[in-house]
Amino acid sequence: MKIYNTITRKTEEFVTHEPNLVKMYVCGVTVYNDAHVGHAMSALVFDIIRRYLMYRGYEVKYVMNYTDVDDKIINRANELGVPPLELSNRYIEDYARDLQSLNVLPATSNPQVSKTIPLIIQFIAGLIEKGHAYAASNGDVYFRVTSDEDYGRLSGRKLEDMQAGARIEVGEAKDHPMDFALWKAAKEGEISWDSPWGKGRPGWHIECSAMNLAELGEQIDIHGGGNDLIFPHHENEIAQSECYTGKEFSRYWVHNGMLQLGGEKMSKSLGNIVSIKEFLSKREADVMRMLVLNGTYRAPLLFNNDTLDAAEKNVARLKSGLKPASPSAKGLAPEAESTLKSAAESAKANFIEAMDNDFNTAGAIAALFELVKMINTARDNGATQAQIQPAQESFRELSNVLGLKLEDKQGSEGADAFINLLIEVRGEVRKQKLWAMSDLIRDRLKELGVTLEDSKDGTTWKWS
RNA sequence: GGCGUCGUCGCCAAGUGGUAAGGCAAGGGUCUGCAAAACCCUUAUUCGCGGGUUCGAAUCUCGCCGACGCCUCCA
């Protein structure tokens with residue numbers, strides 16, 4: 001199995017620290033308003049990776065954190081007049097529901113900054129002790145970037161280059177302009193905790209280093225997140241963790257590309273946001289997942305009506321493979337049956353080959369389409385349900401690995417009886433060849449979200 | 001300006017040295033009263049542009065052009 005590693009910029013063989021165990025940490029969200037579909041992309045990418053690792057026999061310890069102490073949370077809480085942790089807790093619950101709606105498996109654990117303060121303080125004290133950090137005159141504690149020889153190796157930057165950037169201002173309390181805050185002194189009335197350096201709260205990056213240590217230990221296998229986190233967030237995490245433990249922090253760094261809305265990255269600061277809830281009110285979760293699967297997780301992903309419509313059709317096409325055989329099917333010849341069987345086997349082999357190559361989901365999806373076509377052909381040729389069942393089960397197994405539900409849409413409960421009645425009446429009308437009336441029933445039902453499909457065995461229907 | 005990713009059919013997108021997957025859209029056909037769905041057939045001598053390496057390159061290399069991301073909070 002191969003995996004692209006940001007830190008080496010190479011696709012490498014995947015080898016874990018411990019056999020059959022993957023320790024995986026994914027940067028979650030800062031909880032202060034509704035999560036958007038860009039967050040969904042990231043969550044889906046790592047959910048797919050996790051599911052595949054599980055499928056390949058690994059136990060996966062999957063940690064996703066919540067940043068619940070931060071400037072933005074504090075500002076928003078002040079606007080709304082609620083305590084910051086109350087606000088963040090509300091959005092933590094909200095995000096958990098969003099993820100569930102997207103069929104993202106729950107993390108093994110979801111640490112929060114506010115519950116990790118003692119360890120964070122211990123971590124910072126340890127860095128000071130080793131000369132990697134210092135308490136400044138203003139009550140902040142900073143990490144000393146010049147104390148880390150490797151600083152910049154994830155993002156491929158050199159300290160000299162970074163200083164050349166025009167936007168960097170030398171903070172009066174910092175020894176070096178690139179030094180970053182581990183601990184921020186509290187402003188008047190702000191949420192804070194006691195520490196050896198006075199009242200304050202953790203800086204952004206230290207939380208992830210501390211929570212990693214608490215949840216997974218000194219060394220992990222995969223650290224994931226959006227590629228916008230490479231610098232400074234992940235760069236700083238590496239600096240902190242490796243200076244603290246003296247060991248390589250994460251073996252593989254995995255970063256997803258950004259969702260593009262109108263040619264630009266979707267982000268809070270640009271304001272071009274579609275929330276997950278807004279998306280799910282219009283399309284099913286499988287559509288978002290299919291959009292991600294059809295692309296490359298590391299590349300930018302186009303999010304617009306055209307790509308979403310295509311994803312929706314792809315989902316419908318996959319669902320077609322799960323339709324049952326006709327009850328009156330005459331059965332398939334033995335050689336056709338074995339063709340289907342070998343199609344299922346080669347689909348599985350192609351699926352694994354694609355996914356083993358740095359989670360090539362587009363290739364994996366192609367394998368599923370091939371299998372769907374073979375199943376549909378067999379059904380068209382008169383296969384019985386017993387004959388297509390094994391291939392459908394293989395197909396189910398593989399689509400589950402990708403987290404696709406492929407469920408039929410649900411309409412109003414209790415409508416079934418009435419719809420069936422209409423279909424029965426229409427059947428009588430059709431016997432009398434009253435086509436105009438028959439088509440009227442079909443068209444009106446379509447408008448109401450019910451699609452009829454006539455076949456030799458009668459009429460079937462589904463919500464659309 | 002620095003660092004990085006990328007540019008393959010109308011659209012989305014695999015393929016990373018051996019002669020272009022898959023889906024959508026489009027056209028033709030089978031089935032159907034007509035549809036829908038499904039199935040069959042057709043649709044890139046060519047991979048941003050220009051050199052180079054090689055028996056052979058979309059795949060390696062150099063240059064150029066273009067897009068996007070990061071360098072400031074961000075999945």
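Per chain, numbering begins at 1; letters A, B, ... match sequence-line order.
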Item checked: Pairwise 5' ranking along RNA chain B for Thr451(A) and Leu301(A), keeping only the more 5' one ->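 Its nearest nucleotide lies further toward 5', so the answer is Leu301(A).
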In whole angstrom, give me the gap between the [atom1] atoms of [N] and [M].
| N | M | atom1 | result |
| --- | --- | --- | --- |
| rU54(B) | rU72(B) | C1' | 47 Å |
| rA44(B) | rC12(B) | C1' | 16 Å |
| rA25(B) | rG7(B) | P | 25 Å |

Item checked: N/O donor-acceptor pair, side chain Arg430(A) with base rG33(B), under 3.5 angstrom ->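 A donor-acceptor contact between them is present.
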The side chain of [X] lies closest to which of these nucleotides: [options]?
| X | options | value |
| --- | --- | --- |
| Ala362(A) | rC70(B), rA13(B), rC34(B) | rA13(B) |
| Lys456(A) | rC31(B), rU5(B), rC39(B) | rC31(B) |
| Met258(A) | rG33(B), rC39(B), rA75(B) | rA75(B) |

Next item on the list: Measure the shortest side-chain to side-chain distance between Ser399(A) and Leu402(A) over non-hydrogen atoms and say whether it is less than 4.5 angstrom.
Entry: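 Not in contact.
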Check: For rC55(B), what is the paired nucleotide under Watson-Crick or G-U wobble rules, both distances under 3.5 Å?
Finding: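 Paired with rC55(B), as far as the under-3.5 Å criterion goes, is rG18(B).
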Notebook entry, point to check: Just by distance, do the side chain of Ser101(A) and the backbone of Arg97(A) share a donor-acceptor pair under 3.5 Å?
Noted result: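 Yes; judged by distance alone, with no hydrogens or angles, the pair exists.
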Next item on the list: Ignoring backbone atoms, establish whether Tyr4(A) has a side-chain N or O less than 4.0 Å from OP1 or OP2 of rU5(B).
Entry: yes
Notebook entry, point to check: Does the distance from a Lys or Arg side-chain N to an Asp or Glu carboxylate O, for Lys446(A) and Asp443(A), drop under 4.0 Å?
Noted result: no
Checklist line | Atom pair CG/OH of Asp47(A) and Tyr62(A) - distance to nearest 0.5 Å | finding: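 These two atoms lie 6.5 Å from each other.
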